[in-house]
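Residue numbers run from 1 in the order of the sequence given.
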Amino acid sequence: MWFPADTDENSYRIQIDIYRRLGAEARARMAAEMSEDARRIALAGIRQRHPEYDGQQARRALFRLLLGDGVVRAMWPGEPPVAP
């Protein structure tokens with residue numbers, strides 16, 4: 001079994017056991033919450049790096065980061081790309 005470098009073996013086994021007991025619905029909810037947290041953190045980083053961006057530009061930068069240039073160009077044709 002693989003173990004993360006920052007967690008001792010016993011703690012990791014306990015954590016995995018807890019996740020298994022949660023059930024599929026709770027694990028899916030946790031995954032969705034973690035995904036939303038990651039998007040919020042990424043957006044905060046974009047706003048910190050680019051304080052000149054308005055809300056729309058910050059969201060476009062986030063979409064570019066998450067979905068790539070091709071999708072962003074299709075969503076906003078004719079708009080210049082914004083740096084994430």
From [X] [atom1] over to [Y] [atom2], what is the distance, rounded to the nearest 0.5 angstrom?
{"X": "Met34", "Y": "Ile41", "atom1": "CE", "atom2": "CD1", "result": "11.5 Å"}
{"X": "Glu33", "Y": "Arg40", "atom1": "CD", "atom2": "CZ", "result": "9.0 Å"}
{"X": "Leu62", "Y": "Tyr53", "atom1": "CG", "atom2": "OH", "result": "12.0 Å"}
{"X": "Leu66", "Y": "Ser35", "atom1": "CG", "atom2": "OG", "result": "8.0 Å"}
{"X": "Arg59", "Y": "Ile46", "atom1": "CZ", "atom2": "CD1", "result": "11.5 Å"}

With sequence neighbours excluded, residues passing ring-ring contact (aromatic ring centres under 6.0 Å, His included) with Phe63: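 Listed in chain order: Trp76.
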Show your reasoning for whether salt bridge (Lys or Arg N to Asp or Glu O under 4.0 Å) applies to Asp17 and Arg13. CA-CA 6 Å; Asp17 186 53; Arg13 288 182 189 278; over 6 Å; no
Which heavy atom in [X] sits nearest to a heavy atom in [Y], and how many Å separate them?
{"X": "Ala83", "Y": "Ala61", "result": "O-CB, 3.6 Å"}
{"X": "Ala74", "Y": "Pro77", "result": "O-CD, 3.5 Å"}
{"X": "Leu22", "Y": "Ala26", "result": "O-CB, 3.5 Å"}
{"X": "Met75", "Y": "Leu67", "result": "SD-CD1, 4.4 Å"}

Can you pull the salt bridge (charged side-chain N to carboxylate O under 4.0 Å, His left out) pairs that have at least one residue in residues 69-84, sequence neighbours excluded?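 Only Arg60-Glu79, Arg64-Asp69 qualify under salt bridge (charged side-chain N to carboxylate O under 4.0 Å, His left out).
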Give every residue pair that meets the salt bridge (charged side-chain N to carboxylate O under 4.0 Å, His left out) criterion with at least one member in residues 41-52, sequence neighbours excluded.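 As it turns out, there is no salt bridge (charged side-chain N to carboxylate O under 4.0 Å, His left out) pair with a partner in residues 41-52 once direct neighbours are skipped.
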Not counting sequence neighbours, which residues clear side-chain contact (heavy atoms from CB on, under 4.5 Å) with Asp6? List them please.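 Once residues adjacent in sequence are excluded, the partners of Asp6 under the side-chain contact (heavy atoms from CB on, under 4.5 Å) criterion are Pro4.
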With sequence neighbours excluded, tell me which residues meet side-chain hydrogen bond (donor to acceptor under 3.5 Å, both in side chains) with Glu25.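 Glu25: no side-chain hydrogen bond (donor to acceptor under 3.5 Å, both in side chains) contacts found.
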Using atom types as modelled and distance alone, determine if a side-chain donor or acceptor of His50 lies under 3.5 Å from a backbone N or O of Ala58.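 Here the side-chain-to-backbone pair does not exist.
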Hydrophobic cluster mates of Ile18, side-chain heavy atoms under 4.5 angstrom, ILVMFWY only, any path?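 Direct or chained contacts put Ile18 with Ile14.
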